[in-house]
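Hydrogens, waters and symmetry mates are skipped; everything else that's a heavy atom, side chains included, is used. Chain letters run A, B, ... following the sequence lines, proteins first and then strands; every chain starts at 1. Predicted model only: the values in this text are computed from it and were never measured.
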Amino acid sequence: MLSLEALNDRQREAVVCTEGPLLILAGAGSGKTRVLTNRAAYLIEELGVNPWNIMAITFTNKAAREMRERIDEIIKVGARDVWVSTFHSTCLQIMFRHAQKLGYDGNFEICDATDQRSVMKDVCKRLNIDTKMYKERMLLNEISRAKDELMTPSEYRAANEGDYRKEKIALVYEEYQKTLKKNNAMDFDDLIMKTVELFLAEPEVLEYYQNRFRYIMVDEYQDTNTAQFELIHLLANKHRNLCVVGDDDQSIYKFRGANIYNILDFEKTYPEAVVIKLEQNYRSTQNILNAANGVIRNNQGRKEKSLWCDAAEGNKIHFKQLDTAASEAMYIAEDIKKKVSSERVHYGDCAVLIRTNVQSKELEDAFRLLQIDYDLVKGLKFWDTKVIKDLTAYLITIASGKNDMRTARIINLPKRGIGAASIEKLQAYAEMRGISLYEACEFADDVPGLSKAADKIKGFDYLIQRLRTVMREGSFGELLDAVVDETEYMEYLGNEAETPEKYAEMQEYIAKLRETLTVYEEENEQPDLMEFMRQNGVEGSALDKSLDGAQTGIGLLTAEQEQEMKERKVLIMTMHNAKGLEFPHVYMAGMEDGLFPSYMTITGDDPLEMEEERRLCYVGITRAKEDLTLTCARQRMVNGETRYSTASRFIKEIPFGLLDMKVPSVKMKQADEPNPSTYQKAKESFHQKPYVKPSAVRKRYSEGNPYAAALKKGAEIKTDGTLSYDVGDRVTHVKFGEGKVKEIKSGGRDYEVTVDFDTAGVKKMFASFAKLVKV
DNA sequence: CGCGAGGATATTTTT
DNA sequence: TATCCTCGCG
């Protein structure tokens, strides 16, 4: 039921402001989903707008699903007709209808991260790219950024003329694009970019969608990239009823192409725009909000706003500095255990937020030791799992046989004696005849240069033929069984899995896939394997929920059981993954300079990077409802080396009174260190010069390193903790070359050194890992 | 072709 | 320290 009374003034304003461009600046926990869903309800129920004309667009399937559910709850009739979808899913649907207009087969496929990598590998080999100089990952990233900016290969080349490196990348981009096209495939970025292309090339198609989507709402607008901006801009350009919701302070995906100026400059793009700020927070205590405000206010380029709430002051923010990452993890584990046994707290009320995935290891160890149920929220999704990718590759080859990427994946999996060389010959033959890789298998005997392998390839062909019979005669579930059976896939997995647990997990994945297939088959009048793949490859959609279990290893339980289990588990996840979530008890671990903000950010010369990192911190803090604990370690293993760090600068940005420390100190001296010897050590360390374990220095510069000789005679920090260079000295850096030391600042345990490099410019870095050598 | 040893490498990642 | 990838040998 639509209920305007239940909203606060600002929220209500946003709901009833339906005509023209509207920017809703929604602070963390200010009820933006509520506004969005009620706005849809208002449009339909009060203004009589046809649900068919309303579009709500999100980034994640999860967000779309949630919005869908909540719209269903408040709207009685027509809720299903509201277009609630992600950017990618929206574009996918549009592209399926119009792909031919851009020269793609209507049955094109989505190429995911794994496929992208293999395509890129191929491209590099063909172009003779030195993958030491041009890393595949970096190339893909660069291409992805170009697509985010709607740059075609030729535009990319034109924009970077004269830059040898970038011109080379342009070449790769071009070839990569050709390869995708040849495979009738698009990557995720293409979906958006090609849709924009389509709209620009076919005005009547654009107009159709403009008329269809008369009211557009965009969630998480601060995360949009240029391509997404353009897409929305085009769609909204006719009726201009565009409502965007976002929070510039929560923009944390610049590295992925998000353009914060989309939200910052919204009023420039739409001068007639109405701006509404939602600043009342319904999630956290006053102390937590003040801490968040204290941190974020250090950013320059942002829309001024300040969160407030009616809630009580609440607990102080806890801060604890430990000696090692392991003791930090133990501290958190023990603290959670203590809360659970003495207060009315469940494991599921707690979340540990980390900056990088590697930090999870110590936490997991600690939780296991104390027998605390936990779940690691991993980046890897069900459909990206190797097992699932293998089996779906089989299914796709069986169903269509036109996708070379899938065929190449399984033609020799499990190993059946078809090596890379044979596949290459087969591929060349297929290209010559203009047929697909799989289709070429039939003619293995005609392929020049294939001796023994020809029989093996024909064997593979027979296998697929047999399985095709099964597909025609049986259910999808039976087909999957047959695939697993005939390929002896389980035996293959048995060799593949390092542990029994891993093996069991894989079995569960397969069972889930079977279940999903069966459900699909039962629910659809004309079940089609390719359609199934398409739906799930990008959408995941309705399946995510049940698949979460398999993903996290909970297993084959009902949805309710899984939910129950989740509630009983502490979650460990990156701060990026935590966006949009909330927990009564939040721990932010690894709050150290060099880790968070990351070393890259500190040494890099872009102040915007630091602002982004600070926003991430803001996101982390605002996840907490009742209780927030910040921890850090003085010493931590990073990339196989012991790294020493001080407390994060972000902690120092939190107004001191909000922290539960007794002694005010910028240096985060330990106020309540129980162990006198540890306390003594800590105290000394703060007053001492930075200390780097001699062995660590020596180990790193063993033979083979061109700098080893130089370092042996004068490593960056001497064993007594003083620096081997001073302001004015000339030093060398492994990456940046030679430069002159401009400034040395003592920051507690470490030195922050500013160097003006001859070629790389001015850089700030920490002495303990900058590897500077006096020359 | 398949395996294993050794080398390089190392943020964050909705789709 | 862990993982991923390559290269060389059997």
Does the separation of the ring centres of [X] and [Y] fall below 6.0 angstrom?
| X | Y | result |
| --- | --- | --- |
| A:His88 | A:Phe59 | no |
| A:Tyr492 | A:Tyr489 | yes |
| A:His98 | A:Tyr104 | no |

For the pair made of [atom1] in [X] and [atom2] in [N], what is the distance, rounded to whole Å?
| X | N | atom1 | atom2 | answer |
| --- | --- | --- | --- | --- |
| A:Met575 | B:dT13 | CE | C1' | 15 Å |
| A:Leu140 | B:dT15 | CG | P | 18 Å |
| A:Glu612 | B:dT12 | CD | C1' | 9 Å |
| A:Ile602 | B:dT11 | CD1 | C1' | 13 Å |
| A:Phe188 | B:dT15 | CZ | C1' | 5 Å |
| A:Tyr599 | B:dT12 | OH | C1' | 18 Å |
| A:Glu641 | B:dA10 | CD | C1' | 11 Å |
| A:Glu592 | B:dT11 | CD | P | 16 Å |

Could you please name the option among [options] that lies closest to any side-chain atom of [X]?
| X | options | answer |
| --- | --- | --- |
| A:Met637 | C:dT1, B:dA10, B:dT13 | C:dT1 |
| A:Thr356 | B:dT11, B:dT13, B:dC3 | B:dT11 |
| A:Thr60 | B:dT9, B:dT15, B:dT11 | B:dT15 |
| A:Phe255 | B:dT11, B:dG2, B:dT12 | B:dT12 |

Looking across every strand, which nucleic acid part, if any, lies under 4.0 Å from [X] by heavy atom: base, sugar-phosphate, or nothing?
| X | value |
| --- | --- |
| A:Asn412 | sugar-phosphate |
| A:Lys415 | sugar-phosphate |
| A:Leu616 | nothing |
| A:Ala421 | sugar-phosphate |
| A:Thr58 | nothing |
| A:Lys456 | nothing |
| A:Phe87 | nothing |
| A:Ser598 | base |

Legend entry - Closest-nucleotide ordering on DNA chain B, the 5'-leading residue of A:Arg416 and A:Glu613: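 Going by which nucleotide is closer to the 5' end, it is A:Arg416.
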Inset, instruction - On DNA chain B, check which nucleotide each of A:Lys579 and A:Gly419 is closest to and give me the residue with the more 5' one. - result: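 It is A:Gly419 whose nearest nucleotide is closer to the 5' end.
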Inset, instruction - Answer yes or no: side-chain N or O of A:Arg355 and base N or O of B:dT11 forming a donor-acceptor pair under 3.5 Å. - result: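 Donor-acceptor pair under 3.5 Å: no.
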Legend entry - Parallel, tilted or perpendicular: rings of A:Phe650 and A:Phe596 (30°, 60°): perpendicular
Quick check on [N]: is either OP1 or OP2 less than 4.0 Å from any side-chain nitrogen or oxygen of [X]?
| X | N | answer |
| --- | --- | --- |
| A:Asn357 | B:dT11 | no |
| A:Asn639 | C:dA2 | no |
| A:Asn577 | B:dT12 | no |
| A:Lys361 | C:dT1 | no |

Distance only, no hydrogens: is a donor on one side chain within 3.5 Å (strictly under) of an acceptor on the other, for [X] and [Y]?
| X | Y | value |
| --- | --- | --- |
| A:Arg65 | A:Asn61 | no |
| A:Arg406 | A:Thr392 | no |
| A:Gln228 | A:Glu230 | no |
| A:Gln222 | A:Asp248 | no |

Inset, instruction - In whole angstrom, give me the gap between the P atoms of B:dT12 and C:dC5. - result: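 Roughly 16 Å separates the two P atoms.
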Legend entry - Distance, C1' atom - from B:dT11 to C:dT6, rounded to whole angstrom: 25 Å
Pairs: protein N or O with nucleotides 3-10 of chain C N or O, under 3.5 Å:
residue	atom	partner	partner atom	Å
C:dC5	OP1	A:Arg117	NH2	2.4

Legend entry - A:Arg368 atom CZ, over 12 foreign heavy atoms within 6.0 Å: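 Yes, CZ of A:Arg368 has more than 12 neighbouring heavy atoms, counting only those of other groups under 6.0 Å.
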